[in-house]
Peer 1: 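This is the structure, below, for whatever I ask next.
We count residues from 1, following the sequence as given. Worth knowing before you read on, the calculation uses all heavy atoms, side chains too, and leaves out hydrogens, waters and symmetry mates.
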Amino acid sequence: MMTEDASSLRGGGPRADGLAASPGSEPGLALSDRATAKVLGAPPWHYAGTVVGVEFWTTPEAAARALPPALAPEDTRGAGHGYALFADWQVSGGHREYLDPVRSQYSEFLVLLDARWQDTSVAWCPYLYVDNDAALARGCFQGFPRKLGGMHQRLGRVYQTRAFPVAGQAAPSVAAGGTFAASARVAGRRLAEAAVTLERPVGELPGLERPVVNLTHFPGRGAHPAAEAVGQAPGGAVVEDLRVAECWTGGGSLSFLPVAGEELADLVVVRTGEGFRGSLSYTVTDLAAPTGPDADAG
């Protein structure tokens with residue numbers, strides 16, 4: 001495989017729109033003359049978003065099949081435990097990219113399963129869908145199994161009920177009794193759907209307490225694929241300055257629907273636990289590799 005150092009991925013020159021002028025020192029995925037056409041720049045990446053999620057349990061067998069060889073199933077919270085998360089994101093680098101909403105905003109659906117890496121409790125993400133090319137690229141760098149849910153709303157998108165600071169009949173309140181729904185579509189078909197009715201405020205957002213171990217897998221030429229775990233014993237992205245706000249939990253419902261060419265429905269939802277909704281922000285400052293004898297197991 002041909003590799004290039006960071007210096008070969010640099011460019012320079014101002015952006016015509018003035019929103020994200022780059023000094024030419026950030027690596028990117030497009031080797032363009034002025035580096036303005038690259039899909040994304042290097043970390044730090046700053047995220048802000050709102051998440052609707054539901055805790056669930058699938059069968060132990062289904063959960064085990066969804067794990068890579070480097071990870072083992074864990075039953076601390078019951079075998080087959082995981083979370084389904086529907087997120088609405090805005091992301092920026094160091095140049096106020098959020099002023100270009102069509103590029104900085106995207107939606108996402110993902111599943112996190114409980115697992116064990118060596119002696120540490122971790123989360124594993126077997127399925128994840130986004131609707132933005134830069135989000136897809138960031139996920140590839142971090143080792144997430146991101147797929148495009150569709151670049152057009154008729155083909156695929158992740159939706160969630162919106163809340164607004166003004167009271168009215170068109171939106172629920174972020175308060176006891178407020179009900180929020182979410183759904184994910186891919187290839188024009190509904191893939192997942194959830195609903196959460198808020199009951200009580202909490203100080204943290206469920207599903208974030210474990211580090212996520214990711215896996216990058218780039219097939220080699222011929223019959224010899226290469227796999228490399230990405231993370232830091234454990235971990236994937238180096239996350240800093242995590243903040244949450246307006247977090248609520250309550251009852252939740254969740255369904256994974258069969259779609260041709262997808263395997264999400266193999267994680268049969270046996271039962272659900274708490275549902276939740278909240279907002280968060282954080283910064284990804286780096287990507288780190290794990291250490292230890294199982295670090296490169298794939």
Peer 1: In this structure, are over 12 heavy atoms from other groups packed under 6.0 Å from R77 atom CZ?
Peer 2: yes
Peer 1: Quick one: does any side-chain atom of R189 pair with a main-chain N or O of A187 as donor and acceptor, under 3.5 Å?
Peer 2: yes
Peer 1: Among T197, V196, T179, T161, exactly one meets side-chain contact (heavy atoms from CB on, under 4.5 Å) together with P172. Which residue is that?
Peer 2: T161
Peer 1: Would you call E204 and E209 a side-chain contact if the rule is heavy atoms closer than 4.5 Å?
Peer 2: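 E204 does not reach E209 side chain to side chain.
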Peer 1: Membership question, hydrophobic clusters at under 4.5 Å side-chain separation (ILVMFWY): are V239 and L110 in the same one?
Peer 2: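 As far as the 4.5 Å side-chain criterion goes, V239 and L110 are connected within one cluster.
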Peer 1: Can you name the closest pair of heavy atoms from S121 and P211 and give their distance?
Peer 2: O-CD, 3.9 Å
Peer 1: Please determine, by modelled atom types, if S183 and E193 share a side-chain donor-acceptor pair under 3.5 angstrom.
Peer 2: no
Peer 1: Give a yes or no answer on whether the side chain of S92 reaches the backbone of E97 with a donor-acceptor pair at less than 3.5 Å.
Peer 2: yes
Peer 1: Can you check whether P73's main-chain N or O pairs, donor with acceptor, with W124's side chain at less than 3.5 Å?
Peer 2: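 Side chain of W124 to backbone of P73, a donor-acceptor pair under 3.5 Å: no, none is there.
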Peer 1: May I ask you to check whether T249 and E199 show a side-chain donor-acceptor distance below 3.5 Å?
Peer 2: no
Peer 1: Is there a side-chain contact between F86 and V51 in this structure, where contact means two heavy atoms from C-beta onward sitting under 4.5 Å apart?
Peer 2: no
Peer 1: Return yes if a side-chain donor-acceptor contact under 3.5 Å exists between Q105 and W89, otherwise no.
Peer 2: no
Peer 1: How many angstroms lie between atom CZ of R210 and atom OG1 of T76, to the nearest 0.5 angstrom?
Peer 2: 5.5 Å
Peer 1: Are L242 and V202 co-members of a hydrophobic cluster defined by side-chain heavy atoms under 4.5 Å apart?
Peer 2: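 Different hydrophobic clusters.
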Peer 1: Check the pair F256 / L254 against side chain to side chain contact (heavy atoms under 4.5 Å, CB included), numbers first and verdict last.
Peer 2: CA-CA 7 Å; F256 295 152; L254 177 69; 3.8 Å; yes
Peer 1: Would you say that E55 contacts P206 through its side chain, given a criterion of any heavy-atom pair below 4.5 Å between the two side chains?
Peer 2: no
Peer 1: Do the non-hydrogen side-chain atoms of V122 and R116 ever get within less than 4.5 Å of each other?
Peer 2: no
Peer 1: Sequence neighbours left out, cut at 3.5 Å: what donor-acceptor pairs do the side chains of residues 263-284 make with other protein atoms?
Peer 2:
unit_1, atom_1, unit_2, atom_2, d
T272, OG1, G252, O, 3.0
S279, OG, T50, OG1, 3.1
T283, OG1, H46, ND1, 2.8

Peer 1: What orientation do F109 and Y129 show, parallel under 30°, tilted 30 to 60°, or perpendicular over 60°?
Peer 2: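 Because their plane-to-plane angle is under 30°, the rings of F109 and Y129 count as parallel.
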Peer 1: So with a 6.0 Å cut-off around CG of D119, is the heavy-atom count from everything else above 12?
Peer 2: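 No, CG of D119 has 12 or fewer neighbouring heavy atoms, counting only those of other groups under 6.0 Å.
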Peer 1: Shared ILVMFWY cluster between W57 and L71, side chains joined below 4.5 angstrom?
Peer 2: no
Peer 1: List the steps and the verdict of side chain to side chain contact (heavy atoms under 4.5 Å, CB included) for L112 and Y127.
Peer 2: CA-CA 8 Å; L112 295 176; Y127 306 112; over 6 Å; no
Peer 1: Atom CZ of residue position R200 - does it have more than 12 heavy atoms of other residues, nucleotides or ligands inside 6.0 Å?
Peer 2: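 Buried by this count: over 12 neighbours within 6.0 Å.
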Peer 1: Within this structure, what is the CH2-OG1 distance for the pair W45 and T285, rounded to the nearest 0.5 Å?
Peer 2: 10.5 Å
Peer 1: Short question: side chain of R185, backbone of G188 - any donor-acceptor pair under 3.5 Å?
Peer 2: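 Yes; judged by distance alone, with no hydrogens or angles, the pair exists.
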Peer 1: So R190 and L257, do their side chains get closer than 4.5 Å, heavy atoms only?
Peer 2: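 Side chain of L257 against side chain of R190, heavy atoms only: contact under 4.5 Å found.
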